[in-house]
Peer 1: 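My questions will all concern the structure given below.
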Amino acid sequence: MASSPISPATQLGSSRSATMLAMSRGMFVKPTRTSHQMVRKEKIGLRIACQATSIPADNVPDMEKRKTLNLLLVGALSLPTGFMLVPYATFFAPPGSGGGGGGTPAKDALGNDVVAAEWLKTHGAGDRTLTQGLKGDPTYLVVENDKTLATYGINAVCTHLGCVVPWNKAENKFLCPCHGSQYNAQGRVVRGPAPLSLALAHADIDDGGKVLFVPWVETDFRTGDAPWWS
């Protein structure tokens, strides 16, 4: 039986298939490193290792010196920061107890400490004048009929809604202008809507003659009750 001849188209297709197979195999062939590349990398690694181990011992930073420098830096930064914080702390801190007796010095309208002898020269019997008292509250200094300072001060904050209650000399009372509450000459409530008497504070005189306000924690002598403000 005679063999059939292979057509040129069949030969061309077989040739193309072989070419594409060879190209696809070539794409998945993993390139191998040449001996020249491996030797070069070994030389580079050796040179880096030599450089890393060639630092002289006397050039290594001293840890004690670094600690000292860090402490100096922290100190240099903390000093100005502390000075900047002092005014803020003073501003936000609540008024503390001052004076040798543990009280708060009474301040006049100009912010000066009240000296008892000087105060009595300009304030007569029966006078009630506002000063700055405990926690900065407006507090009346009371001059008795014998022209001596009373041993108590009267907080001027109304117990109704917190208005400052003025002294009315003609009425001999403290009359609240907000809602009509009234208090007698010692600050005891005599008319509402205020529910309680005005708070008290001790008015002491220190060794230098200055008036000090001290918290009143004893029984309220006006009512015989425990102090509601303590």
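Note that this is a predicted model, so its numbers are computed, not measured.
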Peer 1: At their closest point, which heavy atom of Leu134 faces which heavy atom of Ala201, and how far apart are they?
Peer 2: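 So the two residues come closest at CD1-CB, 3.9 Å.
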Peer 1: Partners of Asp113 by salt bridge (charged side-chain N to carboxylate O under 4.0 Å, His left out), sequence neighbours excluded?
Peer 2: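 Result, salt bridge (charged side-chain N to carboxylate O under 4.0 Å, His left out) vs Asp113: Lys107, Lys210.
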Peer 1: Against Val157, only a single residue in Leu161, Thr159, Asn155 fulfils side-chain contact (heavy atoms from CB on, under 4.5 Å); can you say which?
Peer 2: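 Going through the options one by one, the only one that passes is Asn155.
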Peer 1: For Thr139 and Gly153, work out which heavy atoms get closest and say how close.
Peer 2: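 Taking Thr139 first and Gly153 second, the nearest heavy atoms are CG2-C, 3.9 Å.
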Peer 1: State the OG-CG distance between Ser197 and Asp225, to the nearest 0.5 angstrom.
Peer 2: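 Taking OG in Ser197 and CG in Asp225, the distance rounds to 8.5 Å.
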Peer 1: Do Asp220 and Trp229 pass the side-chain contact (heavy atoms from CB on, under 4.5 Å) test, and can you show the C-alpha distance, the side-chain angles, and the key distance before you say yes or no?
Peer 2: CA-CA 10 Å; Asp220 186 345; Trp229 55 87; 3.8 Å; yes
Peer 1: Please report the shortest heavy-atom distance between Val114 and Asp108, naming the atom on each side.
Peer 2: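 Smallest interatomic distance, heavy atoms only, reads CG2-N, 3.7 Å.
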Peer 1: Could you give the distance from SG (Cys163) to NE2 (His179), rounded to the nearest 0.5 Å?
Peer 2: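 Here the interatomic distance stands at 6.5 Å.
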Peer 1: Identify the two heavy atoms, one from Arg188 and one from Thr223, that lie closest to each other, and give their separation to 0.1 Å.
Peer 2: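 Smallest interatomic distance, heavy atoms only, reads NE-CG2, 4.1 Å.
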Peer 1: Pairs under 3.5 angstrom only: tabulate donor-acceptor contacts from the side chains of residues 211-218 to other protein residues two or more places apart or in another chain.
Peer 2:
from	atom 1	to	atom 2	distance (Å)
Trp216	NE1	Glu218	O	3.2
Trp216	NE1	Thr219	O	3.3
Glu218	OE1	His202	NE2	2.7

Peer 1: Is Val115 reachable from Tyr140 through a run of hydrophobic residues whose side-chain heavy atoms are each under 4.5 Å from the next?
Peer 2: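 Each belongs to a different hydrophobic cluster.
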Peer 1: Give a yes or no on whether a salt bridge exists between Asp137 and Lys135, defined as a side-chain N under 4.0 angstrom from a carboxylate O.
Peer 2: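 Looking at Lys135 together with Asp137, the answer is no, because their closest N to O distance does not fall below 4.0 Å.
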Peer 1: To the nearest 0.5 Å, tell me how far Glu118 CD sits from His123 NE2.
Peer 2: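 Rounded to the nearest 0.5 Å, the CD-NE2 separation comes to 11.5 Å.
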Peer 1: Output a table of donor-acceptor pairs, distance under 3.5 Å, between side-chain atoms of residues 164-176 and any protein atom two or more places apart or on a different chain; print 'none' if there are none.
Peer 2:
from	atom 1	to	atom 2	distance (Å)
Asn168	OD1	Ala170	N	3.1
Asn168	OD1	Glu171	N	2.8
Lys173	NZ	Gln182	OE1	3.2

Peer 1: After noting the C-alpha distance and the side-chain angles of Tyr183 and Arg191, does the key distance pass the side-chain contact (heavy atoms from CB on, under 4.5 Å) rule?
Peer 2: CA-CA 7 Å; Tyr183 307 84; Arg191 176 180 170 181; over 6 Å; no
Peer 1: What is the minimum heavy-atom distance between Ala150 and Glu144, and which atoms define it?
Peer 2: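 Looking at all heavy atoms of both residues, the closest pair is CB-OE2, 3.4 Å.
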Peer 1: Is any side-chain heavy atom of Arg222 less than 4.5 Å from a side-chain heavy atom of Leu200?
Peer 2: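 Answer yes - side chains close enough.
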Peer 1: Would a 4.5 Å heavy-atom cut-off, applied to side chains only, mark Thr129 and Leu141 as touching?
Peer 2: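 When only atoms from C-beta onward are counted, Leu141 and Thr129 do not touch, as no gap falls below 4.5 Å.
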Peer 1: Answer with yes or no whether the side chains of Asp146 and Thr148 bring together a donor and an acceptor at under 3.5 Å.
Peer 2: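 Per modelled atom types, Thr148 and Asp146 side chains form a pair under 3.5 Å.
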Peer 1: For Ala194 versus Ser181, what's the shortest heavy-atom pair and its separation?
Peer 2: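 Distance-wise, the nearest heavy atoms are N-OG, 2.9 Å.
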Peer 1: Report yes if the side chains of Val142 and Ile154 come closer than 4.5 Å at any heavy-atom pair, otherwise no.
Peer 2: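 Side chain of Val142 against side chain of Ile154, heavy atoms only: contact under 4.5 Å found.
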